[in-house]
2 protein chains.
Amino acid sequence: MSDKILPKPTDSELEILQVLWENGPSSVRFVNDELSKRRDIGYTTTLKLMQIMHEKSLVVRNTDARSHIYEAAIERDATQRNLLGNFVDNVFSGSAMNLVMQALGNHKASKEELDQIKALIEKIEKNG
Amino acid sequence: MSDKILPKPTDSELEILQVLWENGPSSVRFVNDELSKRRDIGYTTTLKLMQIMHEKSLVVRNTDARSHIYEAAIERDATQRNLLGNFVDNVFSGSAMNLVMQALGNHKASKEELDQIKALIEKIEKNG
DNA sequence: AAGTTTATACGAACGGTTTCGTAAAAACAA
DNA sequence: TTGTTTTTACGAAACCGTTCGTATAAACTT
């Protein structure tokens, strides 16, 4: 009822969410250190981004201690599902199958991965 | 050798590219009519977008006639592959398999589509 | 020829993201 | 206590994408 529609995270926000999803609740310092491994970014830039994410309710934070602890407020799976839907529409004209074929065809998958997919397909076929 | 790295098309530019890929070389008028079927957009907005795309070399154009004819300058497959790679990195931390599983699990695929994927997997397994 | 329609070109505004400088407060060290 | 480090907060600049108004020219209509 009182659920608000959360905005789609931007690319930078997604970078931060990945860190939070993988490491759990974290300080700005920690997130910034993680991001810094991948690219140049100033501490206050990361801080500002996370403050904006807080305003947007993409993260929640605990301000008890001096260094605030931030936590992702949206689920990884749900977020990926949302963004995937958008992406399929924009880039593959809505054809998820085309995307899957591209992803499969382009990516050198291991035997285990292919087996996983085959298992999933069988499961879908049974329940279909 | 003298190949330039083309910029990643934006969402709006992608809309236009879809029209050009599906209909071949087209006038601004035609593209705008197509876009207008899906959303509100002014003629000069479409024109401006296509002019910017021309500057970026995402399209080429023939200005012989009064109404200029625009044509996609980048291939659909290559573009989709590029954007997919980006997307997998940003949203799925580089795991294409995770993306495929999500796409498959979430999309109600027809028997034909599943067969297509199975055939592709077999082909990959043979050549692997 | 005069007026209407249709096209391109250009510039500017608007909104949003990203970046960072600077200030203020809190914690720590000497 | 005084100075250094660490943190949050705030504001502003720079940048980009999108949108559209207006000017101008070309082509068509009567």
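The sequence lines fix the lettering, A, B, ..., with proteins before strands; numbering per chain opens at 1. These figures come from a predicted structure and were not determined experimentally.
- For the OP1/OP2 pair of dA9(D) and a distance below 4.0 Å, the side-chain nitrogens and oxygens of Arg61(A) include at least one atom meeting the criterion.
- Residues Met53(A) and Leu17(A) are in side-chain contact: their nearest non-hydrogen atoms beyond the backbone lie under 4.5 Å apart.
- For dT6(D), the base has a donor-acceptor partner in the side chain of Arg66(A) [N/O atoms by modelled type, under 3.5 angstrom].
- Side-chain atoms of Thr10(B) lie closest to dG17(D) of the nucleotides dA9(D), dT7(D), dG17(D).
- Between Leu99(B) and Leu84(B) there is a side-chain heavy-atom pair separated by less than 4.5 Å.
- Between Asp115(A) and Lys111(A) there is a salt bridge, since at least one side-chain N of the basic residue sits less than 4.0 Å from a carboxylate O of the acidic one.
- Distance Ile69(B) CD1 to dT8(C) P: 9 Å, rounded to the nearest Å.
- Spacing between atom CG of Leu49(A) and atom C1' of dT19(C) amounts to 8 Å, rounded to whole angstrom units.
- One atom, CG of Leu14(A), and another, C1' of dT17(C), lie 14 Å apart when rounded to the nearest Å.
- The phosphate of dA9(D) has OP1 or OP2 within less than 4.0 Å of a side-chain N or O from Gln51(A).
- Rounded to an integer number of Å, the gap from Leu35(B) CG to dT19(D) P is 10 Å.
- With hydrogens and angles ignored, a donor-acceptor pair under 3.5 angstrom links the side chain of Lys48(A) to the base of dG11(D).
- In this structure, Phe30(B) atom CZ and dT6(C) atom C1' are separated by 18 Å, rounded to whole Å.
- Between dA9(D), dT7(D), dT18(D), one nucleotide has an atom nearer to the side chain of Arg29(A) than all others, and that is dT7(D).
- Between the CG atom of Asp11(B) and the P atom of dT19(D) there is a distance of 11 Å, given to the nearest Å.
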Only pairs under 3.5 Å count here: list side-chain donor-acceptor contacts from residues 69-78 of chain A, not counting sequence neighbours, and write none if there are none.
unit_1, atom_1, unit_2, atom_2, d
Tyr70(A), OH, Arg61(A), NH1, 3.0
Arg76(A), NH2, Gln18(A), OE1, 2.9
Arg76(A), NH2, Glu22(A), OE2, 3.1
Arg76(A), NH2, Ser93(B), OG, 3.1

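- Between the C1' atom of dA26(C) and the CG atom of Asp64(A) lies a distance of 15 Å, rounded to the nearest Å.
- If you check dG21(D), dA9(D), dT19(C) against the side chain of Thr44(B), the one that comes closest is dG21(D).
- Contact annotation: Tyr43(A) reaches the phosphate of dT8(D) (side-chain N/O to OP1 or OP2, under 4.0 Å).
- Asn82(B) is not listed as a side-chain neighbour of Asn86(B), based on a closest heavy-atom distance of 4.5 Å or more.
- Spacing between atom CE of Met50(B) and atom P of dT19(D) amounts to 15 Å, rounded to whole angstrom units.
- Counting any heavy atom pair closer than 4.0 Å across all strands shown, Thr45(A) reaches a base atom.
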